[in-house]
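To start, the structure itself, in structure tokens.
Labels below follow one simple rule: chain letters A, B, ... track the order of the sequence lines, proteins then strands, and each chain is numbered from 1. Remember, it's a predicted structure, so these values are computed and weren't measured experimentally.
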Number of protein chains: 2
Amino acid sequence: MLTDEYRYKVLKLLADNPCLSQRELARELGISLGKVNYCLKALIDIGMIKVNNFKNSHNKQAYVYLLTPKGIEDKAKVTVRFLNRKLEEHQVLQQEIEALRQEVIEEEHTTQGEKLLQ
Amino acid sequence: MLTDEYRYKVLKLLADNPCLSQRELARELGISLGKVNYCLKALIDIGMIKVNNFKNSHNKQAYVYLLTPKGIEDKAKVTVRFLNRKLEEHQVLQQEIEALRQEVIEEEHTTQGEKLLQ
DNA sequence: AGCACTGCGTTCATCGAGTGAACGGATGGT
DNA sequence: ACCATCCGTTCACTCGATGAACGCAGTGCT
């Protein structure tokens, strides 16, 4: 399951640096190698990135994960989508925080009331 | 594993209404019955709540999950702890949002640049 | 009394996302 | 030739979460 979160994050990292290995991506993203491998395959399947496995100047094997034009386009879309989701989260979080603040205040009053009774 | 999140949420719900059944708690919390059962057991084990299984006025069985004094105290502490964690999350989220906004702007410029070249 | 039904807590087989050790292949160094 | 290293790939395993199924207790109807 390729979530918007990793769809966005992987595309961003690869847009900035297509030479990242799967292990580097995993470290960067804080997820396992297996999951990175899965996400990359998914992104390749839907045509967002293309793997160029060429030999570099020193005839050394080099994997490069390049964003396709579709991938570049999708990155922009998914970024906006991801931002919007974060904004929603933000709103929810603010409400939660407000409720928690209220509750802490109420608890303080309760405790004070109990202290007065003792 | 009893996380602070559910430690807080269950204590809050039960403080407000000790008569909630496990199924009602599950619905309220948006989690499964099994998980609620596990959380309650954990809270009972560490002495935060006590289950009163008495017969009510009509001799009908009734489960009541009451907060112990320790539970009331813990609820206050865990609420503050939970609030602090939410505040941290909030800060992280704001930074993420700012970064995403920046990125959307950059992408717009890039796209415009490409459009100009076409 | 008998029976069906409801609601309770409890259990546990099942699921699936996530993990990372292990593998084969390619390359570089000695 | 040999070993070390880094690559992507695989897959057995873990573990939190799930909810169907169970036994039990009380209710209501016949």
Under the rule of Watson-Crick or G-U wobble with both distances under 3.5 Å, where | means paired to another strand and [ ] a crossing pair, DNA chain C maps to ||||||||||||||||||||||||||||||
| message | Applying side-chain hydrogen bond (donor to acceptor under 3.5 Å, both in side chains) as the test, list every pair that has at least one member in residues 30-39 of chain A; sequence neighbours left out. | response |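 Only A:Q22-A:N37 qualify under side-chain hydrogen bond (donor to acceptor under 3.5 Å, both in side chains).
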Apply ring pair (Phe, Tyr, Trp, His ring centres under 6.0 Å) to A:F82 and list each qualifying residue two or more places apart in sequence or on a separate chain.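 Residues passing ring pair (Phe, Tyr, Trp, His ring centres under 6.0 Å) with A:F82: A:Y8.
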Check residues 14-21 of chain A and write down every donor-acceptor pair under 3.5 Å in which the side-chain atom is one partner and the other belongs to a residue at least two apart or another chain.
{"residue": "A:D16", "atom": "OD2", "partner": "A:K12", "partner atom": "NZ", "Å": "3.2"}
{"residue": "A:N17", "atom": "OD1", "partner": "A:C19", "partner atom": "N", "Å": "3.1"}
{"residue": "A:S21", "atom": "OG", "partner": "A:R23", "partner atom": "N", "Å": "3.4"}
{"residue": "A:S21", "atom": "OG", "partner": "A:E24", "partner atom": "N", "Å": "3.1"}

To the nearest 0.5 Å, tell me how far [X] [atom1] sits from [Y] [atom2].
X	Y	atom1	atom2	result
A:L13	A:E28	CG	CD	5.5 Å
B:L93	A:L87	CG	CG	8.0 Å
A:E106	B:T79	CD	OG1	10.5 Å

query: Does a side-chain N or O from B:N37 land closer than 4.0 Å to OP1 or OP2 of C:dT10, or not?
result: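 Looking at the OP1 and OP2 atoms of C:dT10, one of them is under 4.0 Å from a side-chain N or O of B:N37.
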Does C:dT10 have its OP1 or OP2 closer than 4.0 Å to a side-chain nitrogen or oxygen of B:Y38?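 B:Y38 to C:dT10 OP1/OP2: no side-chain N or O under 4.0 Å.
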Closest non-hydrogen atom pair between B:L2 and B:R7, with its separation: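 Where B:L2 meets B:R7 most closely, the heavy atoms are CD1-N, 3.9 Å.
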> Between atom CG in B:N52 and atom C1' in C:dC8, what is the gap in whole Å?
Replying inline: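 For the pair B:N52 CG and C:dC8 C1', the rounded distance is 16 Å.
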Salt bridge B:E5-B:K86, side-chain N to carboxylate O under 4.0 Å |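 Result for this pair is no, no salt bridge flagged.
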Taking side chain as C-beta onward, heavy atoms only, is B:I44 less than 4.5 Å from B:K50?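 Sidechains of B:K50 and B:I44: no contact.
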#### Entry: Beyond-backbone contact of A:L25 with A:L40, side-chain heavy atoms, under 4.5 angstrom
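They are in contact (side-chain heavy atoms under 4.5 Å apart), so the answer is yes.
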Next on the checklist: Please give me every residue in residues 15-27 of chain A whose heavy atoms get under 4.0 Å of an atom in DNA chain C, ordered by residue number.
Outcome noted: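 None, since no heavy atom is under 4.0 Å.
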Pairwise N/O distances under 3.5 Å, protein to nucleotides 16-20 of chain C:
{"residue": "C:dG18", "atom": "OP1", "partner": "A:K35", "partner atom": "NZ", "Å": "3.1"}
{"residue": "C:dT19", "atom": "OP2", "partner": "A:S32", "partner atom": "N", "Å": "3.0"}
{"residue": "C:dT19", "atom": "OP2", "partner": "A:S32", "partner atom": "OG", "Å": "3.0"}

